[in-house]
Each structure stands twice: as C-alpha cells, then as structure tokens.
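Written below as structure tokens is the structure these notes are about.
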Amino acid sequence: MSLNEEFELLRRIPMFARVEPAKLKLLAFTSERLVYAPDQELFHQGDQPDACYIIVDGDAAVMVDTPSGPLTVAKIGKNEFVGEIGVLCDVPRTATVKALTALTTLRIAKDIFLRMVSDFPTMGVEIMRVLAHRLEQTTNQLREAKAAVRH
Amino acid sequence: METNLFKYILKHTRREQVAILAIVILSQVFYFLSLDLPKTIVNRAIQGEGFDEPGATVPFLAVQFDLPEFLGFLGLPERLDLFSGLDLERIPYLVALSLLFLLLVFINGGFKLHINTQKGRMGERMLRRLRYELFDRVLRFPPHHLRKVKQAEIATMVKDEVEPLGGFIGDAFVQPAFLGGQALTALVFILAQSLYLGLVTVGILMLQGFIIPKLRVRLLRLGKQRQLTARDLAGRIAESVDGITEIHAHDASNYMRADIAARLARIFEIRFLLYQWKFAIKFLNNLLAQLTPFFFYLVGGYLAITGRLDIGGLVAVIAAYKDLPGPVKELIDWDQQRQDVQIKYEQVIEQFSPDGMMPTELQAPTRTAGPLGGPIKAANLTLIEEGGAKLLDGVSFELAIDRHVALVGPEGGGKEALAMVLSRISVLSGGSLMAGETDLGSAPEALTGRAIAYVGPDPYLFATTLRENMLYGLRYWPGRPRAPDPAEAARLSSAQAEARRTGNTELDFAADWTDYAAAGAAGPEDIDQRMIDALRVVEFDEDAYQLGLRGIVDPAHRAGLAQQIVSARAALRLKLADPALAALVEPFDRTRYNRNMTVAENLLFGTTSDPGLAAERVSDHPYVKSILARVALRAPLLAIGHKIADTMVELFADLPAGHPFFEQFSFIAADDLPDVRALLGRADKGGVAGLAAPDQDRLIALAFPYAEARHRLGLIDTDTELLLLAGRRAFVEHVPADLSAKVEFYDEAKYNAAAALQDNILFGRLAYGQAQAAQRIGQLITDVLNDLDLRAAVLQVGLDYQVGVAGKRLSQAQRQKVGLARALLKGADLLVVNGATGAMDGATQAKVLDNTLRLRKGRGVAWSLQRADMARGFDRILLLRDGKLAEQGTFAELDRPGTRFQELAASG
C-alpha cells in the first residue's frame, strides 16, 4: 500500500475528513503501517501508552480485565480510531485491544500525534468534536442504563 | 621514602656514579691536552719557534709540562720532561700536530658520548625506579588518603612531575664533576699562562657564582607555584570530565569555562613572570661572561705588547676562556636545576607519604595463601572516621565461618562499616578481629584478598572486556608462566635483570595470572563456563546473551563459531519458510531487490568500513558515481529524487524551521528547503534532464536513503529494481582493490565479520510494518541457537563485550551484578557483600540474594542488607545502630514484637 492510498483512507475517517490534505499526507507519512496476525495485541490494559491506531482493515476486540477473566466490551473495525484516550490523557491503557482477524493499522506515535494536534488546530478541533460526540453517546447510554435499572 | 633527593640518588646509584666519575676524570686529561695543543701549533709549527734554521727538527710527542711561573718558588724546573719524542721537520711537524689535534677531538667526543650514554641510562633507571616506587605507594595508601587526593593529580605526579628528575639524576653528580673539572682545567690553564688574567677570571666567576643564584631564588619559588597550579589544572579538568553529567544538568558549562579560564590566567601570569625573570638573569649572566674577554683584550693585550706574555699564550688563553663560560654557566644552571628538582621531589614525596601506609609485607607476592580459619571473633571493634565520628563503637560477636550472617540496621548505623572492616577494606581504629588464630588486622592481603571476597555498592570495572573483569579477582600470582622461545627467553631474562636493577617487580605481566583452580576450573578451556555459571547466579546471563547477540565475532579467531552461525542462518531460513512468519523478514538475496533496504544499501549490498560509503556521503563517492553511469542508473534515480523532492516540499513546506519532524522524517533539512524549492522551479521550466549537473546530483542524492517498504512513496518499480540489481552486480565486478579491502559483500555462505552476531543469523532485514517483528524474530533466533546448542557460544561472545571506561557501557545494576559475579567466581571462604544489589529492582534483588545464598551453602557470607526484611534466609542477623551492635540472633528470635529488628523491618 502506498502513501497515497493511506492518505485516501485517512480522508474517509470522519475525524480527519475536514483536515487539509497536506496535513493528512504528513500524518500518513509520519505514521507507520503495522500488520497484526489474529490474536496479537495492539496494547494491553495497564501499559503506558506510546501510540494510537487507526484500523485500516480487519476487526479487533476491546477487552477489559475482570475478576472472572477478560471481557470483550466492544468490537471495532475499519476506519475506527483507538487508543487516543491514553495518549491524550496520559493515563495507562484502560483496555486491551486484540486483533480478531488479520489486522492492518496505521500506528501514530504518541509524540507525533500530540504534535499534530498542537501544530494544526483544525485537526485538534476535529478530534475534540469526535471525542465530544463519543462522550455524548456514552452519557446517553448511561442515562438509558440508569432508567432501565430504576424500572 | 628518602626526603632528600641526593641521598635517594646516592643510595641507589653509588656504584654507577663512581664509575662515571672515574671516566670523567680520565677524560679531563685529554681535555687539557686538547687545550694545550693549539698553543704549540701556533707558536712552534706556524710561527716557527724552534725551527731557527732550515732542516731543523723538533721532538714530537714529547711528554713535557710547562709549570706555571708562580710555582717557581717550589724550586721545580720550569719544564718537566717525561718522553723526548720523535724529531720532525717543520711541515711534517705541523701535519703531525694537526692530526694529533684531530685525534684528540675524536677522543674527547668519544668520552662525551660514553659519559652521556651512561648518564642517560642511569637517569632513566632511576626514573623507572622512582615511578614504580610511587605507584607501589599508591597501592599501599590508607583508604582515607585516597579520598583527599584527586586521581588525575596522582597520575600527573607519577607521569609528568617526576620526569625532569630522570634527566637530572644522570647529571646529579657527574655534571658538576665534569663541568667543574672542565672549568677548573681551563682556569688552571689560564692561570698557568698568566697569573693576572687568571685572577681576573676567578674574580668575575666568583661574582657570577654569587649573584646569579641569589637572583634565582625567586625563579624557584615561581617554578614551585607553576607546578602546583598545573597539577590543580589537571585535577580540575579530570573532575570536569567525570562530572560532565552534572555540568550539563545544571547548565554549569560556563561556570566551568570561567573556572578553567581563571586558572589558565593564573598559570599564564606565573609562566610569563618566570619567563621575564629567566631572561633578565640570562642577560646579566651573559654580560658578566662578556666582561672577562674585555679584560683579556685590555690586560692580555697590554701584557703581550710589553712582552710579558707571548701571542700564542694569549690566543690559547682566549681559546681556553671560550670554553670557560659554557661550563660555568651550565654549572650555575645545574645548581638551579638541583634546587628545582629537589623542590619537585619533596613536593611529590610529601603527597606520597601519608600516615598509615600499609606495610610492604602485607602485599608480598605469594603463590598460595592458607584458607581462612574459623570462627570469626570480633572484640570491641572500633572504627573512627577522620572527622572523629565513630562508625563502629565497641562491636563484639563471634561467627562460624561457614554460616550466613545478615548485617542490618539504619543506613550509616554501622552495617556498611562492619562489612568493610570484615574484608579489611577499612582498617580498624581499635579492637581485634580474629579468624581462627589469624589476626585479620595484620594478615597479608594474600589472605584477605583471596579467602575473602568483597563487593561494594559501586564495584569498579576496568576498561576492558567483561571476561577480563570477571577474571580480575583471580589474578594474584603468575601461576602459569609463558613458555617463550629461546630468543624471547633471552629478552625476558634481560628484562628481569633490568627490573631487578631498578627495584621493580620481576613477576611477568605476560604470564597467565588466572587462578583457575580457585574458580573450580581446570584451565582456560573451561573457565568461561564457570564465569557463565556465576553470571547466572546474579541474573546476568540473559544480559550477557544479549550482549553476545550484538557482539562482533572475528572469524579468524573463532572460525568454528562463525561456521556454526552460518548454519544457524540456514536453520532460521528454514523456520521462516512458515507462511505465518515469512512476512517478518526480507532475507538478503543477491538476485533480488530488498524493499526493506535503502537504495544505497541495495547497491552496495554488504558492509563497509569506508567512511566515504556512509549513508550521508555515499552519493558523492566517485566509484558509486561511476557505477551509476555504467548501468544507466542516473536517469531513473534522478526521477526518483525529483519525486521525493516534490513530496518533501509539499509535506514540509508549512512547518516552521526547527520542527522536530524535519529531523525525524524529512529527506531535506529545513534550511535547504527553499533551495530545493527553487531547484524544482528550474526543473519545471526545462525538465529534470535540462538541469545543471550539480542540481541533478542533488536530486540523485535524495534517492539514496529511500527505502520503499518504509517510506511507501511507490517510487521503485520493477524496471528500476532490475537496474539497481545490475548496479549491484557491477559494483562487485569492478570494485577497485583499495575499496575491496574495506567492503564485505553479503554472501549466503560466509560469515560477515563486520556485522553483529544476530545480524549474521538473521541475514536479512526485519520487514517494516509487521507488528512485534523484532520480538518474534528474537524468539526465533533464540530457538534456533538453542536447537543448535549455541547458547553457550553466544554467551562466550558476550564475555568479549568491552564494558567501557569504569564499566560505563553497562548500567549500574549490571555493574553490580558483574561485581558480585566476580566475587562469586573466586570461590572465597567468606563472601562479604556491602549493599551491592541496591541498583537492581526489588524482585531481582530477592532472586540474586536467594541464588547467592543457595550457591554459598556451607561457606561463609556476610551481607549488609538494604532492607531488614530480606534477612529471612540468613542463619544469623546482626543489627547495628549508631555504630553499636544493638541486637543479634536468628530471624525467628528477632522477629518478635518490641524488637528493634521488627521495627526496622516494618519501616521497610
């Protein structure tokens, strides 16, 4: 896969849809394309975060450790962004992400990601928008869950 | 040590000095003759005195002396005849006299050469002796003294400051004798010619001899200051190097610059003063010396005119006087040098004569030293620091020699001091420490250093290999002398004779000093295994293995191993045939383009030691350029470079200069970006083919670091690959001889001596973009090495690792592990560990402690522990507090409520 293909791919991700092409190309150039075999981990819960990932192809599971063993809490797939919380908040990984199928990702190293966000405000705003949207979703889910518990 | 330099010199060179002096005296006879001869030549042969009629002859080689007129009152004849000589006519007489003069020149020269050689050898011998003695004293310094003197200053003193002493020692007695004799001869000669002229000369000489030394006192004082400031400078510079981290960490570089500048200013001041003073004295000295000829011309001329002195006599006096100021001046110089070196000597000796030096006998070399007797009985141990603080205060206990004892307590409470006293690293201030019948306080180091193995918190590693550092603990006697061939044996025995003559040790450094038996090995062949065992105990074997993987193997020395590694390469290749793993590595294959290597690497396809072929310069290399031209690679590389330049300008144009991305990712430095943009503008107008040669070269240079798999710009198509492969072949075919020696091409069947061991096994590149490729391949390589039974061999390569100055290429924890392993290797009767695991993490510390105690079962251990709760595995615990033994007992006895021990253990 060439840099141009990766650039096209980044452009299709909502978070980056509105970022200028030159910046996206730079992001593609400075990130690393990584291929995972099924069952390989991208990162493990509790690790110090060093990068975030964009899924280019394949599926992955998000899992948390529970007293009764690992529990899958979500599945993610193509064009999804993962691992950004750890990088932005500088907290240990809150979950484990593991390849379910053969998986291709774009790995954006932590310092590069932070630099992009701070150097190119458009990118920062877009990421904020996506995160805020995600927060809203979670809040809704929480509200529904609370309502369900009350009944 | 003798504080007076002259006594010191005399003590060691009396016989040599006398021999040289005898030769000097003998040489004076010939010197006198050579002074007398010119007069005869001028007066008799040239002016014809005694050849009153043609055909007259004069006796040649008659041994006769003119006795000075002032001796006339003794009633001696004016001329003393010893041999009446051959009768010669005037011209043959002149020839004979001149030849005689020539002969005397040779004889005098020969004497000089011989005397100088003898002096030089004696001086060098004394210098050798002195340096050796000084170093010997360093080895016997009391520990507290070494805390006060800077190591660079000691080195400067041994190396530089005693150096002028060597030159002087040869001259110490001979020079005044020789020069004094010469001056005296000349003086006597002048006196013999004319009493008045002689008296004038004597008068001025006395003036010279009186004034000049007076003036030189100040010179000496300045010299002393110069020596001290220079020594300080050396110390401070060494300190700056050692403390470079602090300098960077605190932005202290300018403070240090100012410090050194201030010192240099002071040194400049002293040196310039010295210089001025020196030349002022020189001026005066010359003036006085020139005063004498003034009198000669005046008084001598008058005497000659009035007929009381013949012309030949005056010429000879002046000739003799020419030889006089030289020796006199040198004599004065010698006197100054004498005072100078005496001061230097005293200053050095003072530094090397601290109180409390270890007696020589304690370090006498011995082949064997008995085992340590038991039990260890400590009575009233007291250790007082210089400041007066009591580190140990009346500590008494008794220990079985084969048990494990833990020393615990608060930091500085005495556990560290006790560990150091037990191994006699610190010398007791009071009390007694017995091991069986032996008093450890006065036992030879041969016992304390072999039967006891001490490891401190910061074990020192020497700047050599890991192996040499491990063996350091076993080198106390040259147990296996080398078996030299006859020529070398002769050299060895003469070297030993010379060593004896200069008071140096005669033990042969080149012998094998390692005590293999102490380490439980039969000899050099299985000592490596013992070392590896010891490294396993301290949890360093994995580190050593990794060092081995990264190590360089010289196939000339380890042909077998190199061959085995090549087999491992094949075995790994077989494993990589598994489709799940194949993608992780792109192997080296001469017939295929490697997309995980750069263009430059693909062309060269080997390793090189030629700096001209380094990545940043390779495109300028003339041979590389010729290859590009030969296989028509310029045009495609130009196109690739053009696209790279285009992309870089697009990607990085908006970034501010100095942005870290330039450094990390860009092919073009921020400063060059505007240039490249202009270049691209020119290319747009006239096409790349129309660009000037330097512009083209610049674009081509951009193509060299490009690796398709990494940079993913899609620039290398199949045709370009084929061309680059043609370039690779051409590179090998036409490589010139001088370059060929510096390049080793990748060859599937050959070990590459310039590449690391693991790179030789891998023989390819890790593929970009494969998750955890490095770890997975690392595991595969380990598996292959284990399958082939090569792990031990890799560990041996790890033992070849150069640890760097003071072991700085290892981490502190690693240094501690090596220090402990070195102590374990000795197989000592008592192992004393003084907080030597502090830099390791908690889990490792526990494991190392556990492994060590298991290994040492039945043999003594005294371990000063950081944390009291680590004492569980020990037979006995001594708790020290404020220098006193506060509690002792087994873990069970002490681990009760209310004990100090439990309190300590609870606080961590």
Side-chain angles (χ1 to χ4, degrees), chain A residues 1-10 19-44 47 50-51 53 55-58 60 83 97-99 102-116 118-123, chain B residues 576 578-586 595-596 640 643-668 670 673 677 702 705-717 766-777 779-780:
Chain A
M1 184 184 298
S2 80
L3 192 67
N4 272 326
E5 290 169 288
E6 283 160 12
F7 161 66
E8 291 299 332
L9 187 120
L10 284 176
V19 176
E20 305 110 90
K23 298 294 156 296
L24 272 194
K25 251 190 200 167
L26 185 61
L27 183 62
F29 187 67
T30 53
S31 58
E32 187 186 358
R33 203 174 54 107
L34 269 187
V35 182
Y36 290 84
D39 278 347
Q40 264 190 309
E41 285 180 1
L42 278 67
F43 49 80
H44 196 92
D47 287 354
D50 55 352
Y53 301 82
I55 311 288
V56 175
D57 198 19
V97 174
K98 189 171 165 182
L103 186 74
T104 307
T105 67
L106 264 188
R107 176 182 183 277
I108 307 173
K110 178 179 166 182
D111 53 329
I112 292 174
F113 181 71
L114 291 178
R115 209 154 240 296
M116 285 281 182
S118 62
D119 285 359
F120 307 119
T122 42
M123 204 180 283
Chain B
L576 287 174
D578 179 348
L581 300 169
L584 297 179
V585 177
E586 187 170 6
R595 297 173 75 80
N596 283 287
I640 291 171
K643 277 188 209 140
I644 291 174
D646 238 1
T647 312
M648 291 304 127
V649 168
E650 183 193 353
L651 289 179
F652 293 95
D654 293 349
L655 292 185
H659 195 288
F661 282 7
F662 278 110
E663 181 93 1
Q664 266 177 288
F665 299 105
S666 179
F667 281 59
I668 302 166
L673 212 56
R677 201 195 303 254
L702 290 180
Y706 178 77
E708 183 62 52
R710 176 172 175 211
H711 299 109
R712 316 187 302 275
L713 297 179
L715 299 179
I716 310 260
D717 55 17
L766 288 181
Y768 283 102
Q770 297 295 323
Q772 287 139 26
Q775 294 93 306
R776 290 162 74 188
I777 290 299
Q779 189 51 52
L780 272 185

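Values in this document were obtained by computation on a predicted structure and should not be read as measured data. Protein chains get the first letters and strands the later ones, always in sequence-line order, with residue 1 at the start of each.
Proximity to chain B is limited to the side chain of R115(A), based on heavy atoms less than 4.5 angstrom apart. In this structure, chain B has no heavy atom under 4.5 Å from any part of A99(A). Only the side chain of Q664(B) comes within contact range of chain A, with heavy atoms under 4.5 Å apart. If you measure heavy-atom distances from H711(B) to chain A, the contacts under 4.5 Å come from both the backbone and the side chain. For L103(A), no part lies near chain B; criterion is any non-hydrogen pair under 4.5 Å.
Using modelled atom types and a 3.5 Å distance limit, the side chains of Q770(B) and Y768(B) yield no donor-acceptor pair.
Within the 3.5 Å criterion, the main-chain N or O of Q772(B) finds no donor-acceptor partner in the side chain of Q40(A). Side chain of E663(B) to main chain of P660(B): no donor-acceptor pair is present (N/O by atom type, distance under 3.5 Å, no hydrogens or angles).
Residues E586(B) and R595(B) are not paired through a salt bridge, judged by the lack of any N-O separation under 4.0 Å between the basic side chain and the carboxylate.
Here the two rings, on F662(B) and F652(B), have centers that are under 6.0 Å apart.
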